[in-house]
Engineer: 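Okay, here's the structure, questions in a sec.
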Protein chains: 2
Amino acid sequence: MDENLNLTKKEQVIRVAANLFREKGYAAASMRDLAQKLGIEAASLYSHIKSKEEILQSLCFDMAAEFRKALENVENQKISASEKLRIGIIEHINVMAKDLPSSAVFMNEHRHLSRPFLNEFLLLQINYINRFKKIIEEGISKGEFKMNIDKKLAVMTLFSSLNWMPLWYDDKTNAVPTDLGEQLADILINGLKQ
Amino acid sequence: MDENLNLTKKEQVIRVAANLFREKGYAAASMRDLAQKLGIEAASLYSHIKSKEEILQSLCFDMAAEFRKALENVENQKISASEKLRIGIIEHINVMAKDLPSSAVFMNEHRHLSRPFLNEFLLLQINYINRFKKIIEEGISKGEFKMNIDKKLAVMTLFSSLNWMPLWYDDKTNAVPTDLGEQLADILINGLKQ
DNA sequence: CCTACCGATCGGTAGG
DNA sequence: CCTACCGATCGGTAGG
């Protein structure tokens, strides 16, 4: 079944939960489903985790931390805005590709976080988006990007493409993550047009 | 509360349900929630609808039909592929803007359809995506678009941007739908670069 | 459209 | 990690 690798039992629970939450959605996935996939009784889950929501919190905030870390390495480099955008996209996609189920949960299920965790999560997300927006603004002010772009639309287009990827990307048939990132950056920066 | 307009009671139920499903997700939204928003008892809902899922089916398949209809008007025009793509995007966004809650449900909640409805829905969706893919392929073969584009990536980028829009678009602060469509088409076709 | 209610399932706990 | 179980809530029906 699932490889043990070097994961603690708690990590295994969270890993299997990520797959389940992605598949059925958080609300529709029951702890009994999760227990069954792990080969134990539902009550036994609670020796490893405090609650169903604790799992969701781990998944959402751990992914958020990964994304933030990856972007930090990009922002302070002395390169053009297009280059920053390109590398930022590649890094984001690489983070997702390392854990597609968690990425899908991060994107689609975070709304089931309870307060105050939901608010905290949304703040992190807005902050991350704004950092990409600044890169786009830098590109505009330096004359690399067109002046008349709708910045909000541009950044939401970028994020939509990035976040949707875990829903259709397949390791087996698609390009390796870095190539995919390169191509996505190329489409957004240079367009489809010849 | 909610305007009556000229809607039948069933249509009112479905309309309020769209808002509720968008807000909480289909699985987490209860029929008691829905009844409360309508000012009636949960049991009374069943004089108007057969089941919770019937509502989801209406929402998903009605939106699907709207999208298909809009695209048909575009495909057979004798215009360039870029023009078809541009108009196709604008039409898609106009359909969504007419009913943002249903659009959000269409995008995010269709996976809760039971079989065989889920399969039927997915076929419609794949068909629709393929029709956009053909426009992109036409653009490539006619030399309008770059030859070395990853067609699947291009079409998924397009769809991600389109489908994500109901989650952030706000009638009050954002551009009118047609302008938004124009700008999105411009970003995808011409890119951000100066 | 209501009251009254059903069986099923939910997340979680007690105690070992 | 298990058995046994809890109160709450779910979608839905019967009968008016």
Side-chain angles (χ1 to χ4, degrees), chain A residues 1-4 7-60 105 108-118, chain B residues 1-4 7-60 105 108-118:
Chain A
M1 294 299 217
D2 279 286
E3 324 85 68
N4 273 357
L7 301 180
T8 65
K9 191 75 192 189
K10 180 170 183 173
E11 288 166 334
Q12 285 178 48
V13 169
I14 292 174
R15 195 189 164 95
V16 174
N19 275 288
L20 184 67
F21 293 171
R22 165 166 75 164
E23 205 182 298
K24 308 188 90 174
Y26 177 77
S30 75
M31 297 304 270
R32 282 161 179 83
D33 289 337
L34 177 57
Q36 199 185 19
K37 291 212 171 196
L38 286 156
I40 60 177
E41 293 300 318
S44 307
L45 288 167
Y46 295 89
S47 342
H48 305 107
I49 48 104
K50 288 190 204 102
S51 65
K52 187 184 182 186
E53 197 186 317
E54 190 204 27
I55 302 175
L56 183 62
Q57 287 166 16
S58 291
L59 290 169
C60 289
V105 171
N108 279 313
E109 310 300 332
H110 68 255
R111 64 167 155 183
H112 293 108
L113 290 167
S114 64
R115 293 169 203 270
F117 303 99
L118 179 58
Chain B
M1 294 302 215
D2 280 286
E3 325 85 67
N4 273 359
L7 301 179
T8 65
K9 191 76 192 188
K10 180 170 183 174
E11 287 165 335
Q12 285 179 47
V13 170
I14 292 175
R15 195 189 164 95
V16 174
N19 274 289
L20 185 65
F21 293 170
R22 165 166 77 163
E23 205 181 299
K24 306 187 90 175
Y26 177 76
S30 75
M31 296 304 270
R32 283 161 179 82
D33 290 338
L34 177 55
Q36 200 185 18
K37 291 212 171 197
L38 286 155
I40 60 178
E41 293 299 318
S44 308
L45 288 167
Y46 294 88
S47 341
H48 305 106
I49 48 105
K50 287 191 204 100
S51 64
K52 187 184 183 186
E53 197 187 315
E54 190 203 28
I55 301 176
L56 183 62
Q57 287 167 15
S58 291
L59 290 169
C60 289
V105 171
N108 279 314
E109 309 300 332
H110 68 254
R111 64 167 156 182
H112 294 108
L113 290 167
S114 64
R115 292 170 208 273
F117 303 98
L118 178 59

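Naming convention: chains lettered A, B, ... in sequence-line order (proteins, then strands); numbering from 1 in each chain.
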Engineer: Could you check how far CD1 of A/I49 sits from P of C/dG11, rounded to whole Å?
Structural biologist: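 The answer, rounded to whole Å, is 10 Å.
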Engineer: Measure the distance from NE2 on B/H48 to P on D/dT13 and round it to the nearest whole Å.
Structural biologist: 15 Å
Engineer: I need the NZ-C1' distance between B/K24 and D/dG11, as an integer number of Å.
Structural biologist: 15 Å
Engineer: Just checking B/E53: does its CD atom have more than 12 heavy atoms from other residues, nucleotides or ligands closer to it than 6.0 angstrom?
Structural biologist: yes
Engineer: Just to confirm, is there a sub-4.0 Å distance from OP1 or OP2 of D/dC2 to any side-chain nitrogen or oxygen of A/S44?
Structural biologist: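 Indeed, a polar side-chain atom of A/S44 lies that close.
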Engineer: A/Y46 has an atom OH; how far is it from atom C1' of C/dG11, in whole Å?
Structural biologist: 5 Å
Engineer: Within this structure, what is the OH-to-P distance between B/Y26 and D/dG11, rounded to whole angstrom?
Structural biologist: 8 Å
Engineer: Go ahead and write out DNA chain C as dot-bracket, 5' to 3': ( ) for pairs within the strand, [ ] for ones crossing earlier pairs, | when the partner sits on another strand, dots for unpaired; Watson-Crick or G-U wobble, both distances under 3.5 Å.
Structural biologist: ||||||||||||||||
Engineer: Output the rounded distance in Å from CG (A/L56) to C1' (C/dG12).
Structural biologist: 17 Å
Engineer: Do any N or O atoms of the protein come closer than 3.5 Å to N or O atoms of nucleotides 4-10 of chain C, and which pairs are they?
Structural biologist:
residue, atom, partner, partner atom, Å
C/dC10, OP1, A/S30, OG, 3.4

Engineer: Starting at CD of B/Q12 and ending at C1' of C/dC1, how long is that distance when rounded to a whole Å?
Structural biologist: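 Taking atom C1' of C/dC1 as the reference, CD of B/Q12 is at 14 Å.
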Engineer: Does OP1 or OP2 of C/dC1 have a side-chain N or O of B/K9 closer than 4.0 Å?
Structural biologist: yes
